[in-house]
Amino acid sequence: MNIVLFGPPGSGKGTQAQFIVEKYGIPQISTGDMLRAAVKAKTALGVMAKSVMDSGGLVSDEIVLGLVKERISQDDCVDGFILDGFPRTIPQASSLRILLDSLGKEIDFVISLEVPNADLISRLSGRRTCPSCGKGYHAVFDKPVKEGFCDSCGSTLVQRDDDSEATVKNRLKVYEEQTSSLKLYFKDLGILHNVSGCGSIAEIQSRICSIIEEGGTGDRS
Ligand code: AMP
């Protein structure tokens, strides 16, 4: 089962991808996570990507495609995967289809998480992460027991560099200008499923499960 989790920054793709990983046993491929790991490790690719990411822009199609190509060919992706944050441009989407075709695979579902813009800004600017164990929190909606510290490991929580207000606004603009048109692309392929990304995490999970378990035969938007 090959899934693309689609939606603007802050729509909950990472959270829902984690749930799908646990429930269906397929790996998450997050280009954002892979790029952040490269930035942290200061690899040549990470050094190139950092300034673009900090400004909220998109890293080149060539770089992200290289990362995805390598990851998708690994053994744990044989029975499926969830792409989170990729593709983000039409050339990325068409290259993905060519790549999958060469591997005898295809995209089964594109699940698009729909969240109003005003909610996205407050979600993103309140987002906090534990740099040690990766657990996510929110300064308003999902507070840790002790403010500023991780419940699981006690480390000091941090804000992602690109979650500052100015960068968040640019990320949403970039999404509108370069990524949102992909919905039409996927709709034309008959694989797009719109899901409301509002409500509790459990409610959104249950909407996603209905789509996956109906095998994509339910309503397509
Ligand atoms: P994310 O964690 O998915 O929000 O990604 C964080 C940042 O990584 C984005 O704002 C982009 O700068 C970069 N990035 C992640 N995925 C892609 C992609 N598919 N194409 C281009 N840039 C990407």
Side-chain angles (χ1 to χ4, degrees), residues 2-21 27-72 81-100 107 110-113 115 117 119-131 134-138 158-183 185-186 197:
N2 306 323
I3 301 175
V4 170
L5 257 188
F6 187 78
S11 55
K13 298 188 296 294
T15 305
Q16 296 302 331
Q18 266 312 306
F19 160 74
I20 299 173
V21 167
Q28 170 192 16
I29 302 179
S30 158
T31 41
D33 285 350
M34 289 192 273
L35 289 165
R36 277 184 290 279
V39 169
K40 197 170 173 192
K42 296 193 166 71
T43 63
L45 188 152
V47 171
M48 260 195 298
K50 184 170 176 10
S51 58
V52 181
M53 291 172 75
D54 284 350
S55 72
L58 292 186
V59 174
S60 77
D61 289 341
E62 198 188 347
I63 289 183
V64 284
L65 269 165
L67 289 173
V68 170
K69 220 177 219 177
E70 195 188 323
R71 184 65 188 88
I72 269 183
F81 47 80
I82 310 151
L83 286 165
D84 157 10
F86 178 92
R88 262 174 152 105
T89 62
I90 302 273
Q92 288 181 18
S94 22
S95 303
L96 172 67
R97 289 183 62 219
I98 294 169
L99 169 67
L100 292 180
I107 305 168
V110 176
I111 297 175
S112 173
L113 293 171
V115 178
N117 253 20
D119 293 3
L120 295 172
I121 294 173
S122 60
R123 281 189 189 190
L124 287 164
S125 45
R127 194 155 74 170
R128 301 289 180 272
T129 323
C130 173
K135 193 167 161 37
Y137 297 87
H138 192 278
V158 295
Q159 184 178 38
R160 254 171 63 168
D161 287 345
D162 60 352
D163 278 346
S164 67
E165 203 176 322
T167 309
V168 160
K169 288 196 173 139
N170 195 38
R171 287 166 67 199
L172 294 175
K173 184 166 167 267
V174 167
Y175 174 81
E176 277 311 317
E177 290 172 357
Q178 301 188 50
T179 307
S180 59
S181 59
L182 273 177
K183 280 183 66 177
Y185 177 94
F186 291 131

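Both counts, for ligands and for their atoms, begin at 1 and track the order of listing.
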Would you please test I82 and V21 for side chain to side chain contact (heavy atoms under 4.5 Å, CB included) and show each step? CA-CA 8 Å; I82 310 151; V21 167; 3.8 Å; yes

Would you mind telling me if ligand 1 is within reach of the side chain of [X], the backbone, both or neither, using heavy atoms under 4.0 Å?
| X | result |
| --- | --- |
| M34 | neither |
| D33 | neither |
| V64 | side chain |

[X] side chain vs [Y] backbone, donor-acceptor pair below 3.5 Å:
| X | Y | value |
| --- | --- | --- |
| H138 | S122 | yes |
| Q178 | V174 | no |
| K13 | P8 | yes |

Mark the output for G57 as yes if a heavy-atom distance to ligand 1 is under 4.0 Å, and as no if none is.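 Judged by the 4.0 Å heavy-atom criterion, G57 does count as contacting ligand 1.
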
Any nitrogen or oxygen of [X], side chain or backbone, less than 3.5 Å from one on ligand 1?
| X | result |
| --- | --- |
| G85 | yes |
| V59 | yes |
| R160 | yes |

Would you call the rings of Y175 and F6 parallel, tilted or perpendicular, where under 30° means parallel and over 60° means perpendicular?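 Taking F6 first and then Y175, their aromatic rings sit tilted (interplane angle of 30° to 60°).
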
Show your working on side chain to side chain contact (heavy atoms under 4.5 Å, CB included) between V4 and D84 and close with a plain yes or no. CA-CA 6 Å; V4 170; D84 157 10; over 6 Å; no

Considering only protein heavy atoms, which is closest to [atom], and at what distance to one decimal place?
| atom | answer |
| --- | --- |
| atom 7 (C) of ligand 1 | M53 CE, 3.9 Å |
| atom 16 (N) of ligand 1 | T31 OG1, 2.8 Å |
| atom 13 (C) of ligand 1 | L35 CD1, 3.5 Å |

Should you measure from each heavy atom of D162, which atoms of ligand 1 turn up under 4.0 Å away?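 In order of number, 6 (C).
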
In ligand 1, which numbered atoms sit nearer than 4.0 Å to a non-hydrogen atom of R171?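 Those of ligand 1 that fall under 4.0 Å from R171 are 4 (O).
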
Within 45° cone of Y137 ring axis and under 6.0 Å: K135 NZ or CZ: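 Yes - K135 lies over the ring of Y137, closer than 6.0 Å to its centre and within 45° of its axis.
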
Pair R171 + D163: basic N to acidic O under 4.0 Å: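 Here R171 pairs with D163 in a salt bridge, since their nearest N and O are under 4.0 Å apart.
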
Select the closest option to atom 4 (O) of ligand 1 among Q92, R88, K13, judged by heavy-atom distance.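 Going through Q92, R88, K13 one by one, R88 has the nearest heavy atom to atom 4 (O) of ligand 1.
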
Nearest atoms (heavy-atom pairs only) where L113 meets S11: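 Reported closest heavy-atom pair: CD1-O, 3.6 Å.
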
